[in-house]
Amino acid sequence: MGSDKRILDPDKEMRKIKADKRMREIMAAYYIEAKTPREQRGKPIAWITSGGPVEPLHVMDVIPIYPENYGAMIGASKMGVGLCETAESMGYSRDLCSYARADIASATVNGGPIGGLPEPDMLICCNNICGTVLKWYEVLARYFNVPLFILDTPITHTRFDDDMRRYVTRQSREYVAFLEQVCDKPFDYDRMKVVGELSLRAQELWQQVLDTTIHKPAPMTCFDAFFHLAMIVTLRGTQTAVDYYEMLLAEMRDRVARGIGMLPVEKYRLVWDNIPIWYRMRWLSEKFMARSACLVADTYTSGWTGWLPHADRNDFLGFMGESYARIFLNSGTDLMAENILRMVKKYDADGVVFHSNRSCKPYSLGQYDIQRIVQEKMGIPTLMIEADMVDERSFAESQIETRIDAFIEMLG
Amino acid sequence: MISVGVDVGSISAKAVVMQENAILASAVLLTGYNARKAGRQAFDQVLAAAKITAEQVDRIVATGYGRNSVDFADRAVTEITCHAAGAHHLDPTVRAIIDIGGQDSKAIVLDANGKVKDFAMNDKCAAGTGRFLEVMARALELDLDAFGDLSLAADRAAPISSMCTVFAESEVISLIAKGERRANIIAGIHASIAARVVAMARRIGLRPPVMMTGGVARNIGVVRALEEKMGGALIVSDRAQVTGAIGAALIAATL
Ligand code: SF4
């Protein structure tokens, strides 16, 4: 209606990321295929945790669906409170992660964005991100009455030893056997090589995209990264993801070459820690932008590339277990602090913004220590925002605004 | 240079008018439901008290939760920065501040120039705030202003363990039912606030000398309880309640 009459701000238009449109098309196509009735689509569906080993699913032509990605969609479309309340009325505690609450509730009421997720034929759970997913997936397995595979990754703290390596590698073989049984066909090891390479390639490209923000002014912010992340989570291991990130990288490099920043003025550069506050992305992005503060990097979106150093390109299945066990969320506070210190230096940041996320305990537990370490080692200001990624009831606007303002005043 | 600081908090609105580094006048009134109106009234009152007109004022800075609704201010600055500036002005040796306001409590660590180095806020719940004291005064059917002096007569602090204002209130009621001395109950209430606030302040590295700002600083019972918990003396200015407004006026003078 009014949209074609709207006068576009040329400066804003110039700063918009053009690849956004392609991203939306790909994600729409992905969900449309998944939501096509089983008889027509042919492929089975697996629900899988965000840090789970997805590559073997692509080898077996299984469509991976991510309840956590869906949780983010629920949060972004502000449907979190309603679904969380439904879960609470089913008896789930308010202290339970809001992704779990929202997902469990939407499974039973078929509600939420895109009218709920397509039902799973199997469930793949990897506890490298938290212990919550174990019980969450057990609940789903009972509810849908489908087979569940659990990849158990020991917490790595500061080291990873041979016992751990043997333990997870053996489970990778069990995982393959599980898939062969559920899909009723042999595993294609040659195809595993191709898919594995595509996954690694997408991760490399994604890291390169994130690294373009080393440049000043940064061609994008972490709020953009939160959006473009969906592809590495859901489609790593496919040509689609590789093609998409090549396109996005080209656009970012072009912006760098032309000196186009996401912010008209970039006075402060900040690092974000923890999962985004999905229902307040725009609000937060505008608040920081209005104060010329650019969130140039974050610990969350690079969480899907952290295992690149451990990759053995000739033997994907051989190192897969180790890689998934060594993601930063499965390490200790020391490594998480080191990671942030590294990012502060790499992206030349002036401060760190911590989202103390009521839902995600493994991510939030060490934050006060990490905050102290950052202040001591780098001597830069930090900000703690207490909220929740999906459950809006944990967000106090005017209090958070005061904290952000005071933080920026400290920087200035 | 004449500057004015207007601090619109959740319970009271404060204003201070300054000329260079001297405070000409200050005003305090209840905020009520209309923050915009309260800010304007505090401004008018302080000008009347200083016998100057609005035209003579060079710069105005607004602070406090209602800072963005003070539309006649040149700039809005947070109460964190303003309390630091105000406390530094009142006593330049101060390195940390504890501020207990109506709906939050804060701890601020500052450097030798009065610049904020770090801060922590309890803004999630009423425990450890002025509102907590109000609720308790109501439960005890007492005037809040009498709390401080009454608590000095305590022979022990009655234990109040709940972290939640509503549950703590029922604890108070059951203490009354058990016949606990009123002074001891009040001392227990103060100790419970102090425990919360000091724990929060320690997280950011509270270091002496510590100044207490905000309206609750007038309550000698809370001050004593904080000192006991911290293991050291607090500096309490007789301008504690208007510290934020003083800071705002000082910042206004630099604009
Ligand atoms: S607790 Fe954290 S890691 Fe676990 S599912 Fe929730 S958000 Fe993800």
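All values below were derived from every heavy atom in this structure, side-chain atoms included, with hydrogens, water molecules and symmetry-related copies excluded. Proteins come first, then strands; the chains are lettered A, B, ... in the order of their sequence lines, and each starts at number 1. In this text the structure is predicted, and so the values were computed from the model without any measurement.
- The shortest non-hydrogen separation linking A/R403 to B/M121 is NH2-O, 2.9 Å.
- The number of heavy-atom neighbours closer than 6.0 Å to CD1 of A/I155, taken from other residues, nucleotides and ligands shown, is 12 or below.
- The OG1 atom of B/T81 sits 12.0 Å away from atom CZ of A/F407, with the distance rounded to the nearest 0.5 Å.
- Taking every heavy atom of both residues into account, A/T402 and B/T78 meet most closely at O-CG2, 3.6 Å.
- The two residues B/Y65 and A/Q399 make their nearest non-hydrogen contact at OH-CG, 3.5 Å.
- In the displayed structure, A/R15 atom CZ is contacted under 6.0 Å by more than 12 heavy atoms of other residues, nucleotides or ligands.
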Can you give each donor-acceptor pair under 3.5 Å made by side-chain atoms of residues 247-255 of chain B, sequence neighbours left out, with the distance rounded to 0.1 Å?
from, atom 1, to, atom 2, distance (Å)
B/T254, OG1, B/I251, O, 2.6

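- Here B/R203 is the residue among B/K115, B/K106, B/E79, B/R203 with the most heavy-atom pairs under 4.5 Å with chain A.
- Using a 4.5 Å cut-off between non-hydrogen atoms, the part of residues 357-379 of chain A that approaches chain B consists of A/Y368, A/Q375.
- More than 12 heavy atoms of other residues, nucleotides or ligands shown are found within 6.0 angstrom of NZ on A/K287.
- Counting heavy atoms of neighbouring residues, nucleotides and ligands inside a 6.0 Å radius, atom CD of B/E228 does not exceed 12 of them.
- Sparse packing is recorded around CZ of B/R36, with 12 or fewer heavy atoms of other residues, nucleotides or ligands lying under 6.0 Å away.
- Around the CZ atom of B/F167, the shell of radius 6.0 Å holds no more than 12 heavy atoms that belong to other residues, nucleotides or ligands.
- How far CG of A/D405 is from CD1 of B/I80: 9.5 Å, rounded to the nearest 0.5 Å.
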